[in-house]
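Report on one structure; see the data block that follows.
Every chain is numbered from 1 and lettered A, B, ... according to where its sequence line falls, protein lines coming before strand lines.
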Amino acid sequence: MLPHKQLEQRLQPAVRAVLPDADIGSVLVRPCPDPKFGDYQTTALMALAKPRKLNPRQLAADVLARLEVGDLCEKVEIAGAGFLNFRLKAAAVAKTLSAAASGEHLFFDKAIRPRTVVVDFSSPNVAKPMHVGHIRSTILGDSLARLLGLLGHRVITDNHIGDWGTQFGMLLVGWKRDLDPTALKTDAIAELERLYKRVSAECKDNPATLEAARQELVKLQAGDEENLRIWREMIALSQVQFDAIYARLGVKFDHTLGESFYNPRLKALVDELIARGIARESEGAKAVFFEDLPQLKDTPALIQKSDGGFNYTTTDLATLAYRLETWRPDEVIYVTDGRQQLHFQQVFAAFRRWHPEAPMKLAHVWFGSILGEDGKPFKTRSGETVKLADLLDEAEERAFKVVTEKSPDLPEPQRREIARVVGIGAVKYADLLPNRQSDYVFSWDKMLALSGNTAPYLQYACARIRSIFRKGGETSNREPQTANLELAAPEELALARHLLNFGLVLDAAADEYRPNYICNYLYDLAGHFTRFYENCPVLKADAAERTSRLLLCDLTARVLKQGLEVLGIETLEQM
RNA sequence: GCGCCCGUAGCUCAGUUGGAUAGAGCAUCUGCCUUCUAAGCAGAGGGUCCCGCGUUCGAGUCGCGGCGGGCGCGCCA
């Protein structure tokens, strides 16, 4: 068991003995903000003392009197207003490292109660190019899915693509009137986009075109065979594009059940909600009202339009019902931008009324918008969005220039491969590092930066470690020599102690759906490693020290690699 | 009008049950490659955490009121 958990396990009964009514679940042990205070601390005693009007330092002393941690820690200190500070014995740190080296754990624990979690993310639209607007959902969602999986949960990823809706009326008009088969072969999405824009523009000042689009849509919805065939082809062509992007990003889905998949369920859904009094007619449409919810009382959710058509609230409700009956999940997570907060509040609230017995947690994990330098939603100068494929190309190209500059002797194919891993990693990391709820201003230079707190910095640390093993003729270091594990230099101790906190960070990131905690942890880890690297020679050290340091290097590399893997970022042997 | 989010160093941003002297990156300046990869390291400068009041032993974090900005609010998704 990890030291901070052992401390909690011993601290909690001690607190209970002193304060029998206390909620010991709040008695947690966390890393100290500054190593001068110790390795771990608890601030819980001050919080417990307050409502009881106890002297917090006296309470700390009383708890301390009942606490036996001498095997793990140096003398426990009561500090400040009532902090309890723990400093691990070097032997306790070494023991945890040895356990990790022998494969018992990698400084984290699997969930005690595994859950089934559906993660809904990415959701691009058919017939449109994937652009930078899709990147956050895709990368954040993928990372959360990986993280939950690593922690032992059963994860189901589902790409709820936009394969249905009014845009298909216009696309069908364009396809029938103006399709360029050659262009379709060369770049299907560009051709579909061209058709859509052309018809869409025409609709604005030509009512006849608008009517034609409406007619094509009605025919499609009525099951017209030709329109269905064209529609299916557009989906297939789009899927090719999606797959190409996902392959580059290393993103995989268990299911791709688009909006159209739920069409057959929508009418019955609305009928049931009406019959049960959950929805009612309003101004010709059908809507769910939430008079009893202060947040939503003025914003009913439409589930059927006055023309009989359904909208995305209807589809999302049907989707939830399908997921409930198909996978029986404990939780469904939606990863979308923050502008859909109201929508998901409505969907969740409506679903609760429809299926009050369903035990699943519903989470809307939202993120901020990508803005242009003018502070408005991001577009290029010509008004286009930046295509995701172009962004990835540029990332790899810039990385290739740097690799070529730094490692001119490597053969080109290897430099290309390094550039791919570095470039894609940089893009992902740039997206995962900020707090997801912040808006951010898109900048090529920031997105593609290769120095400072970036993925390449972490990959570089990995590559340096691998280089040590290559130079030392070591393959890996799976046989720990516990007796020889010496943590003497301050840089060694700092690095070792930081390794112990990997699991704390993974748990926090999963609880709050915030992979940026992992980014910051890994950046600190790489920093600790680099300082160790600068100050503690490994291969030139004496036998015992060398063994000890190789072990430290190996564990660091494994945590870095695992951490980056959770972020969906690859590592390299050399760069 | 109602609701959600944001305001932290010149710029971009972190900041884990409220916790100890608020941290990074970029940019600027000074050092460090005959020693395991300098995509790096060491150091310097840089702060009214938007303002005010309140709760608390303790507030960037919680509450209230302002100011400034972004977004959303029935037939698009």
Would you kindly give the [atom1]-to-[atom2] distance between [X] and [N], to the nearest whole Å?
{"X": "A:Y429", "N": "B:A24", "atom1": "OH", "atom2": "P", "value": "14 Å"}
{"X": "A:D409", "N": "B:U37", "atom1": "CG", "atom2": "P", "value": "14 Å"}
{"X": "A:L217", "N": "B:A77", "atom1": "CG", "atom2": "P", "value": "10 Å"}
{"X": "A:F344", "N": "B:C71", "atom1": "CZ", "atom2": "C1'", "value": "16 Å"}
{"X": "A:Q574", "N": "B:A39", "atom1": "CD", "atom2": "C1'", "value": "14 Å"}
{"X": "A:N435", "N": "B:C49", "atom1": "CG", "atom2": "P", "value": "21 Å"}

Under the criterion of centre distance below 5.5 Å and interplanar angle below 30°, is A:F37 classified as stacked on the base of B:A20? yes
Can you check whether A:Y457 stacks with the B:A39 base, using ring centres under 5.5 Å and planes within 30°? no
For nucleotides [N] and [M], find the distance between their [atom1] atoms and express it as a whole number of Å.
{"N": "B:U8", "M": "B:U16", "atom1": "P", "result": "16 Å"}
{"N": "B:G23", "M": "B:C5", "atom1": "P", "result": "28 Å"}
{"N": "B:G60", "M": "B:A20", "atom1": "P", "result": "9 Å"}

Which is it for B:G74, anti or syn, if anything within 90° of zero counts as syn? syn
Report the glycosidic orientation of B:C29: syn if within 90° of 0, anti in every other case. anti
Under 3.5 Å, is there a donor-acceptor pair linking the side chains of A:E512 and A:Y517? yes
A:F344 and side chain to side chain contact (heavy atoms under 4.5 Å, CB included): which partner among A:T313, A:V365, A:D316? A:D316
When you measure from the side-chain N and O atoms of [X] to the phosphate of [N], is any distance below 4.0 Å, counting only OP1 and OP2?
{"X": "A:K406", "N": "B:A39", "result": "yes"}
{"X": "A:S467", "N": "B:C36", "result": "no"}
{"X": "A:Y312", "N": "B:A77", "result": "no"}
{"X": "A:R470", "N": "B:U37", "result": "no"}

Donor-acceptor pair present, A:T43 side chain and B:U17 base, under 3.5 Å: yes
Ignoring hydrogens and angles, does a donor from either the side chain of A:S438 or the base of B:C13 sit under 3.5 Å from an acceptor on the other? no
Across the strands shown, which category fits [X] at heavy-atom distances under 4.0 angstrom: base, sugar-phosphate, nothing?
{"X": "A:T299", "value": "sugar-phosphate"}
{"X": "A:A461", "value": "nothing"}
{"X": "A:N55", "value": "nothing"}

Nucleotide opposite B:C73 in a Watson-Crick or G-U pair, distances under 3.5 Å: B:G1
B:C29 -> Watson-Crick or G-U wobble partner, both distances under 3.5 Å, gives B:G43
Protein within reach of the bases, or only the backbone? For nucleotides 57-63 of chain B, mark each nucleotide 5' to 3' as B, S or -, using heavy atoms under 4.0 Å. BB-----
Mark up nucleotides 2-12 of chain B, 5' to 3', with B wherever a protein heavy atom is under 4.0 angstrom from a base atom, S wherever such an atom reaches only the sugar-phosphate, and - elsewhere. -SSS------S
Which residues in residues 514-527 of chain A have at least one heavy atom lying under 4.0 Å from any atom of RNA chain B? A:N516, A:Y517, A:N520, A:Y523
Under a 4.0 Å heavy-atom cutoff, the residues of residues 279-290 of chain A touching RNA chain B are A:S282, A:E283, A:A285
Evaluate A:F348 against A:H364 for ring pair (Phe, Tyr, Trp, His ring centres under 6.0 Å), listing each step before the verdict. CA-CA 9 Å; A:F348 294 172; A:H364 180 213; 7.1 Å; no
Pair up each side-chain donor or acceptor in residues 289-303 of chain A with any protein partner under 3.5 Å, not counting sequence neighbours, and list the distances.
unit_1	atom_1	unit_2	atom_2	d
A:D292	OD1	A:R353	NH2	2.6
A:T299	OG1	A:L296	O	3.2

CA sep, side-chain torsions, deciding dist, call: A:F261, A:H160, ring pair (Phe, Tyr, Trp, His ring centres under 6.0 Å): CA-CA 9 Å; A:F261 179 79; A:H160 193 72; 9.4 Å; no
For residues 22-35 of chain A, pull every pair meeting salt bridge (Lys or Arg N to Asp or Glu O under 4.0 Å), keeping only residues two or more places apart or in separate chains. A:E8-A:R30
